[in-house]
Amino acid sequence: MRNEAKKYERQRNLKTNYYIDGNTVRRLEGEPEERRQRELEREQEQKRRQNRRAAKRNQERAQRLNMGYVLFCSAAVVLLGVVCGAYIHYQSDIINRTKNISALESQIADLKADNDAAIKRIGLSVDLDSIKEQALGFGMKYASPEQIFYYSIQANDYMNQYSDIPEDE
């Protein structure tokens, strides 16, 4: 009797929904709710298992990649440190060379100023008129027109004189 009560209870819990298709034809709309719930629970459990497996695989993959990632990051940091150190070294080298160039340019400017002052001093100390008078006093005289020889050469050429110029020409 107990089985019959359960059977009756199950039949009472099973709802069947009908809908009208056309004029008077009746069809079942869906499955009993208990089956649907069991299937939904099974699907949900299956999805949970799949998610757990995927999460476990991802964790294992992350742990496997963890050491390689750490090594990669370490190498990148070391390389970045070397590049930064080299940059700072070259930058300081450029600054030192610039200072050295400025000092040398300053020395050149000072030497040019000293040179120009010495040339002026020498120019002012030499009296060309007195030199001319002394030269004429020693018997020197200006060249006469027959002593001057003119040679024509091309503009892109030059001439060297290796011996005295003959007077019979």
So CD of Q44 and CD of Q37: to nearest 0.5 Å the spacing works out to 10.0 Å
Would you give me the side-chain donor-acceptor pairs under 3.5 Å for residues 91-104, sequence neighbours excluded?
{"unit_1": "S92", "atom_1": "OG", "unit_2": "I88", "atom_2": "O", "d": "3.4"}
{"unit_1": "S92", "atom_1": "OG", "unit_2": "H89", "atom_2": "O", "d": "2.8"}
{"unit_1": "D93", "atom_1": "OD2", "unit_2": "R97", "atom_2": "NE", "d": "3.4"}
{"unit_1": "N96", "atom_1": "ND2", "unit_2": "S92", "atom_2": "O", "d": "3.3"}
{"unit_1": "T98", "atom_1": "OG1", "unit_2": "I94", "atom_2": "O", "d": "2.7"}
{"unit_1": "S102", "atom_1": "OG", "unit_2": "T98", "atom_2": "O", "d": "3.0"}

Applying salt bridge (Lys or Arg N to Asp or Glu O under 4.0 Å) to E45 and not counting sequence neighbours gives R48, R49
Connected via hydrophobic side-chain network under 4.5 Å: L128 and I122:
yes
Nearest heavy-atom contact between Y142 and K132 is OH-CE, 3.0 Å
Value for CG (L79) from OG (S74), rounded to nearest 0.5 Å, stands at 12.5 Å
CG (N58) and CG (N51) are apart, to the nearest 0.5 Å, by 10.5 Å
Interatomic distance, CG@L136 vs CD@Q134, rounded to 0.5 Å, equals 10.5 Å
Interatomic distance, CD@E43 vs CD@E41, rounded to 0.5 Å, equals 11.0 Å
Rounded to the nearest 0.5 angstrom, the CD1-CG distance for I119 and L124 is 12.0 Å
Would you kindly confirm whether L71 and L80 end up in one hydrophobic cluster when ILVMFWY residues are joined by side chain heavy atoms under 4.5 Å apart? no
